[in-house]
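The structure appears below as structure tokens.
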Number of protein chains: 2
Amino acid sequence: MNAAPKEPKFRRENPEQRREQLIEATLRVIARKGVSAATVREISAEAGVAFSLIRHHFRTKEDLMYAAYAHHMQNMAHLSLSSAGDISRPLPDRLRQCIRDTLSAPVTNGESLQIWAGFIQMVPHDDRMKQIHSDTYLGFRNTLEPLIREALVSQGSPATPAEVEAKAIACNAVLDGLWLEGSMLPDMLPHDRLTALAEETVFRILGLPTSV
Amino acid sequence: MNAAPKEPKFRRENPEQRREQLIEATLRVIARKGVSAATVREISAEAGVAFSLIRHHFRTKEDLMYAAYAHHMQNMAHLSLSSAGDISRPLPDRLRQCIRDTLSAPVTNGESLQIWAGFIQMVPHDDRMKQIHSDTYLGFRNTLEPLIREALVSQGSPATPAEVEAKAIACNAVLDGLWLEGSMLPDMLPHDRLTALAEETVFRILGLPTSV
DNA sequence: ACATTAATTGTACGATTGTGCAATAAAAGT
DNA sequence: ACTTTTATTGCACAATCGTACAATTAATGT
């Protein structure tokens with residue numbers, strides 16, 4: 001009869017790609033419904049696969065959570081600081097770009113905050129989570145500190161390690177705080193006023209000339 | 001025989017006090033083991049009662065969570081801002097005291113952060129949580145803003161509502177950010193340096209003279 | 001002393017969870 | 001065309017969850 005073009009019931013995916021699909025499905029579920037809703041069944045439904053497939057690509061559900069946490073944090077760090085090392089641009093521009101990237105979507109947004117809050121509460125109770133946390137945090141600081149140092153020396157300010165560290169912490173705190181407020185209450189302050197506030201405060205902490 | 005002094009199997013508690021005991025047990029469990037471990041069985045064990053008692057004092061487990069969230073946030077706000085309205089003290093003292101209270105334990109500490117993160121991720125998916133969230137946030141701002149306004153007028157700065165709001169947001173962001181960092185990484189910065197950093201930054205935002 | 005009240009306990013139930021494992025089938029090698 | 005490999009599915013299982021409800025028992029009023 002007719003050469004029945006029977007369509008396959010499923011597609012065999014490259015394991016690496018499938019892992020990433022599952023990780024991203026996990027993050028979408030957490031963002032939309034919270035960690036408690038991120039069950040293997042909900043996640044696999046979001047990814048469009050059978051729920052038992054998860055345990056073929058991840059030894060346990062915890063392993064999937066670890067992978068998702070690391071993936072999310074690395075992504076956020078990259079989105080925030082990708083232009084920090086672009087030495088072709090003058091320092092104030094780079095600084096402004098990092099501030100703008102950090103305080104714009106998708107870094108500053110309700111869903112990212114949801115994901116972050118969901119994972120953060122797992123950190124103290126799980127050694128692997130602890131390690132992922134400190135790794136991503138150190139990576140962030142190691143990218144930001146040279147920028148701070150460069151700003152201090154450009155103004156002839158003392159750039160001792162202690163001084164750099166203190167200023168880095170202060171700048172970090174301002175950005176974290178505005179990230180928190182901008183994510184939780186997006187309508188409180190229009191986006192450009194948020195970034196302007198951040199620029200002014202950070203530049204003032206570093207002793208850089210503010211453009212007004 | 002002997003007038004057996006048989007000790008009672010349990011104590012009948014005042015409903016109000018029992019409710020508070022259950023709420024505080026809930027917060028302790030969340031702080032120690034995270035929201036996912038805050039089951040009715042775990043909470044009641046922490047409180048030293050049978051787990052079925054919870055549903056005698058709270059219609060559902062969700063109701064207990066609402067009560068615990070409101071309790072925690074009101075407690076944090078009170079601990080942070082209790083000295084904001086003490087008009088017998090000069091403004092800079094009051095400001096410094098609020099900063100110190102906010103950035104000291106038990107407000108700035110890992111357990112409070114755990115509790116906060118656990119609840120925050122429930123807010124977007126639950127209308128009651130949303131309301132508790134905005135209520136406590138507004139309460140906090142309404143206490144802080146008069147302080148900001150007073151600081152601005154004391155310096156002869158413009159104190160238009162828009163100006164006050166912007167400065168309040170900036171100060172809030174600095175405190176939130178340092179609260180976040182101080183809670184997550186208590187060993188990063190000694191406590192007095194944390195508060196000194198906050199004072200300097202806040203005072204600088206408000207145009208108040210810093211004491212150096 | 002006795003009855004009344006309601007705070008407290010004990011147990012059972014259905015739903016949902018992560019996991020274990022055998023069956024299936026898509027893709028690649030021969 | 002046939003075999004091999006392994007990504008994928010389907011189903012069963014024990015554990016744990018919030019909830020429901022009847023049985024206790026401490027406390028109070030009379």
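Below, chains carry the letters A, B, ... as their sequence lines are ordered, and counting in each starts from 1. Predicted model, so just to flag it, every value in this text is computed and none were measured.
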OP1 or OP2 of D:dA7 sitting under 4.0 Å from any side-chain N/O of A:His56?
yes
Using the test side-chain contact (heavy atoms from CB on, under 4.5 Å), find all partners of A:Asn14 that sit at least two apart in sequence or belong to another chain.
A:Glu16, A:Gln17
Check side chain to side chain donor-acceptor pair (under 3.5 Å) between A:Arg11 and all other residues, then give those that pass, not counting sequence neighbours.
A:Glu13
Residue pairs meeting salt bridge (charged side-chain N to carboxylate O under 4.0 Å, His left out), one or both in residues 27-40 of chain B, sequence neighbours left out, come to B:Arg28-B:Glu46, B:Arg32-B:Glu46, B:Lys33-B:Glu42
Could you check how far CD1 of B:Ile54 sits from C1' of C:dT9, rounded to whole Å?
13 Å
Does anything in residues 86-99 of chain B form a salt bridge (charged side-chain N to carboxylate O under 4.0 Å, His left out)? List the pairs, not counting sequence neighbours.
B:Arg94-B:Glu150, B:Arg96-B:Glu199
Excluding sequence neighbours, so at least two apart, what forms side chain to side chain donor-acceptor pair (under 3.5 Å) with A:Glu24?
none
side-chain contact (heavy atoms from CB on, under 4.5 Å) partners for B:Phe51, two or more places apart:
B:Val40, B:Arg41, B:Ser44
Using the salt bridge (charged side-chain N to carboxylate O under 4.0 Å, His left out) rule, collect all pairs that involve residues 50-69 of chain B, keeping only residues at least two apart or in two chains.
B:Arg59-B:Asp63
Would you list the pairs meeting salt bridge (charged side-chain N to carboxylate O under 4.0 Å, His left out) in which at least one residue belongs to residues 99-112 of chain A, sequence neighbours left out?
none
Show me the side-chain donor-acceptor pairs of residues 163-184 of chain A shorter than 3.5 Å, one per line, residues at least two apart or across chains.
residue, atom, partner, partner atom, Å
A:Lys167, NZ, A:Ile205, O, 3.2
A:Trp179, NE1, A:Val107, O, 3.0
A:Glu181, OE2, B:Ala173, N, 3.4
A:Ser183, OG, A:Asn109, N, 3.2
A:Ser183, OG, A:Trp179, O, 2.7

From CZ of B:Phe58 across to P of C:dT8 the rounded distance in Å is 12 Å
With the sugar-phosphate defined as primed atoms, P, OP1 and OP2, and the base as all remaining atoms, what B/S/- string results for nucleotides 18-30 of chain C, 5' to 3', for protein heavy atoms under 4.0 Å?
BBS----BBS---
Contact residues, residues 18-36 of chain A to DNA chain C [heavy atom, < 4.0 Å]
none
B:His57 NE2 to C:dA6 P, straight-line distance once rounded to whole Å:
13 Å
Run the side chain to side chain contact (heavy atoms under 4.5 Å, CB included) check on A:Gln121 and B:Leu113 step by step: do they pass?
CA-CA 8 Å; A:Gln121 69 161 338; B:Leu113 174 65; over 6 Å; no
Using heavy atoms and a sub-4.0 Å distance, could you list which residues of residues 116-129 of chain B are near DNA chain C? By number, please.
none
